[in-house]
Amino acid sequence: MSSLLRGEEMCLAQLFLQSGSAYDCISELGELGLVEFRDLNPSVTAFQRKHVNEIKKCEEMERILGYLLREVKKADISLPERDVNPVAPLPKHVMAIMEQLQRLEVELGEVTRNKEKLQRNLLELTEYTHMLRITRKFVQRTAEVSVSLYMFSCLVKIEAFERMLWRVCKGYTILSYAEVEEYLENPDTGEPTKCVVFLISYWGDQIGQKVKKICDCYHCHVYPYPSSNEERNDVVEGLRTRIQDLHTVLNRTEDYLRQVLIKASESVYTWVIQVKKMKAIYYILNLCSFDVTNKCLIAEVWCPVNDIPTLRRALEEGSRKSGATVPSFVNRIPTSDTPPTLIKTNKFTSGFQNIVDAYGVGSYREVNPAPFTIITFPFLFAVMFGDLGHGVIMAVFAAWMVLCENNRKLKNTRNEIWNTFFEGRYIILMMGLFSIYTGLIYNDCFSKSLNIFGSGWSVKAMGWTKEQWENNRFLTLDPNVTGVFKGPYPLGIDPIWNLASNRLTFLNSYKMKMSVILGIIHMSFGVILSTYNYLHFRKKYNLYLVFLPELLFLLCLFGYLVFMILYKWLAFSAKDSRHAPSILIHFINMFLMQGDGLQPLYPGQTGLQIFLVVIAVLSVPVLLLGKPVYLYWLHNGSHRLGLYRGYERVRRNSEEELYLMRAHDMEEGSSHSDLSSSGENPTEELLHQAIHTIEYCLGCVSNTASYLRLWALSLAHAQLSEVLWAMVMRVGLRMDSTLGVLFLVPVFGLFAVLTVSILLVMEGLSAFLHALRLHWVEFQNKFYGGTGVKFCPFAFSLLPSSFEHDGLL
């Protein structure tokens with residue numbers, strides 16, 4: 001939990017890798033994913049680094065693997081299960097893999113070219129056969145045509161071709177054509193195409209040359225035509241025999257090609273993983289630098305402090321595998337650089353952490369909002385989305401995704417919308433469960449109330465007569481009459497409010513005040529969380545000069561508003577509710593220092609309100625000037641007294657000792673950025689604090705009003721649900737005939753579709769975005785900076801693959 005709350009403690013370490021064991025050590029670190037490497041050669045271009053040739057070989061192997069995967073996918077051959085995780089191959093085995101891939105590429109290329117050549121020959125013979133069959137209609141048995149041209153073409157615009165012949169040849173041609181009934185496969189695209197047979201009769205060699213040029217432009221295939229029927233029959237018989245032979249050879253070629261691809265598919269995934277790991281290792285080796293003897297590689301890495309022993313064991317394992325006589329080792333070094341932020345998550349917390357990271361990656365070791373977001377985010381969503389029925393549907397859908405989370409078809413789909421839902425399955429599950437809870441509190445299930453415990457209101461106690469029942473459309477229940485109101489409903493809102501004509505007025509007041517209370521509690525909690533940052537980073541002066549004024553300003557004004565709401569609920573009963581004063585009027589008069597003519601909410605109200613306003617007003621200058629003045633005084637006083645956390649009092653016999661002491665403070669969380677910046681430019685610090693003060697004071701007002709979206713969206717969702725029930729389901733339920741049962745089936749289907757599409761998807765997305773805004777703007781800006789850099793470990797499992805992006809894996 002401490003890692004999720006504040007992130008892992010990081011350190012900068014130096015790896016000393018022997019040249020012979022560097023490859024194996026990097027491979028071990030890639031399998032574990034513990035460290036993030038720093039580039040020690042920033043001034044060297046990518047083409048000037050040592051292992052650029054090895055990376056080019058890996059890219060060449062990736063090209064061949066891409067070709068193999070495309071051919072395997074084209075042949076519709078399924079790849080084996082991806083449970084294998086081979087280690088990176090040794091450098092001495094790289095040439096063997098390279099030769100195997102090149103040999104397979106050459107073999108596949110030859111077989112593929114032979115197959116394409118056979119297919120083109122088969123297509124030509126098929127076209128020739130169709131041409132001979134169709135052109136029997138064009139030529140009479142006794143006719144003698146001296147100059148004719150027979151063609152087979154896949155033209156689409158026949159009129160354009162005929163018009164071109166007429167214009168160019170000036171009418172000295174006779175064109176006859178007919179479409180082939182069958183669709184023939186286009187060898188270039190592989191798609192079925194409609195083809196046409198032409199017979200062109202012409203006179204003169206010049207006209208013939210023009211006709212042939214036009215045919216070439218339209219990509220027509222020209223075939224000779226036999227001069228007699230006997231010769232034609234012989235040609236047809238010969239074509240039939242050759243087509244049968246080509247089919248036999250083509251089938252054998254396809255079988256052999258499929259065997260080669262099946263054999264390649266068994267190892268192609270292993271090769272992809274090995275090449276990806278190998279390329280990543282050489283890329284990391286290019287980030288390292290050599291020592292003065294050129295026998296040892298030096299690398300700098302960011303690593304969690306708790307994982308240093310695991311890092312040492314990984315280096316020892318890599319040295320043992322390579323057989324190195326001198327082991328590689330790690331040395332922790334001090335640094336003044338800000339480490340990256342690492343927050344370890346699991347499949348449940350990762351979704352909520354992504355919500356926080358979308359706002360900004362947390363600064364190193366600052367409080368992480370994600371643990372609190374796990375509860376507050378789905379709760380605020382459910383306040384706006386509260387419906388028992390809708391919450392059950394959402395929870396069941398999310399539970400199904402959670403139970404099937406190991407299903408490869410669900411995880412590896414390329415549908416981005418589905419991937420978004422699937423990655424957030426635990427968020428949806430929590431939102432559904434909290435919506436069930438708020439639905440019980442609102443007593444709302446598909447806009448209907450559930451009378452589980454029995455209503456606390458009784459109609460019999462009013463003693464109404466039959467004439468009163470018949471003559472009055474609306475009757476008022478008086479809770480002051482004995483026996484009318486027996487007591488509050490045990491869980492949530494009493495179901496009788498679903499029948500009341502003033503239901504919307506009651507819910508308006510209830511949900512609006514509830515939204516203000518939740519908002520003030522949420523913002524106050526965010527301000528309180530800032531104390532953890534101040535204490536951890538050793539800025540205790542911020543507790544008195546920032547935290548205390550902020551909390552006093554918020555609670556003296558808006559915390560007092562919450563107090564008035566709760567006091568009015570508790571102090572005024574049904575008997576004297578008509579004389580209860582307006583909270584809004586009292587809150588406005590609190591700032592105007594008025595209210596003598598109004599009925600007080602409680603004795604001594606005016607004096608307390610004046611005191612709270614004075615405290616809130618006085619906290620503003622403290623928040624504005626307190627921190628800049630203190631830092632300015634502290635900086636000038638520290639130079640006069642020689643105090644800088646005691647460092648200037650130390651006799652500087654060793655600069656390294658002073659450096660290590662400062663680095664230790666850095667790792668412990670101490671930061672002197674405020675002190676140094678105030679000394680260098682106090683005006684800048686004053687300006688920064690002035691902006692913060694104005695933003696906070698105005699933000700308290702605007703943020704409190706922003707939480708009223710909880711009230712607005714909750715009412716909107718309830719009203720949409722009620723409208724959908726009244727306009728769809730009620731129509732089907734009111735039909736009491738036999739056809740009404742059959743009519744109810746499509747009505748229920750329409751109701752289900754509209755419920756899922758409008759109330760679940762659209763309204764759910766709207767509530768999700770509003771809950772997101774409340775966390776980013778109203779909650780996190782009270783304590784969360786979000787200006788850090790995310791820790792990106794070197795891990796083979798996290799490396800992207802171009803084949804997966806292209807859909808080949």
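Numbering starts at 1 and runs along the sequence shown.
In this structure, the side chain of K57 does not engage the main chain of V52 through any donor-acceptor pair within 3.5 Å. Q14 contributes no side-chain N or O that, together with a main-chain N or O of N331, makes up a donor-acceptor pair within less than 3.5 Å. Side-chain atoms of S265 come within 3.5 Å of backbone N or O of I262 as a donor-acceptor pair.
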Next on the checklist: Apply ring-ring contact (aromatic ring centres under 6.0 Å, His included) to residues F768 and F377 and explain how you reach the verdict.
Outcome noted: CA-CA 9 Å; F768 180 90; F377 184 85; 5.2 Å; yes
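Counting only N and O atoms by type, the side chains of Q18 and S21 include no donor and acceptor under 3.5 Å apart. Using modelled atom types, one finds a donor on one side chain and an acceptor on the other under 3.5 Å when comparing N346 with T349. In this structure, a donor-acceptor pair under 3.5 Å is absent between the side chains of T373 and H775.
Ring-plane geometry between F794 and F37 is classed as perpendicular, the angle between the planes exceeding 60 degrees on a 0 to 90 degree scale with a lower cut at 30. Under the 30°/60° scheme for interplanar angles, the aromatic rings of F348 and Y426 are found to stand perpendicular.
Evaluation of the side-chain contact (heavy atoms from CB on, under 4.5 Å) rule for T693 yields V620, L623, L624, Q689, C697 as partners, not counting sequence neighbours.
For the pair R425 and F422, the cation sits on the ring face: its NZ or CZ lies under 6.0 Å from the ring centre, inside 45° of the axis.
Listed by first and then second residue, the salt bridge (Lys or Arg N to Asp or Glu O under 4.0 Å) pairs involving residues 43-56 are D39-R49 (not counting sequence neighbours). The stretch residues 86-104 participates, sequence neighbours left out, in no side-chain hydrogen bond (donor to acceptor under 3.5 Å, both in side chains) pair at all.
Proximity of the aromatic rings of Y282 and Y23 is defined here by a centroid distance below 6.0 angstrom, and this criterion is met.
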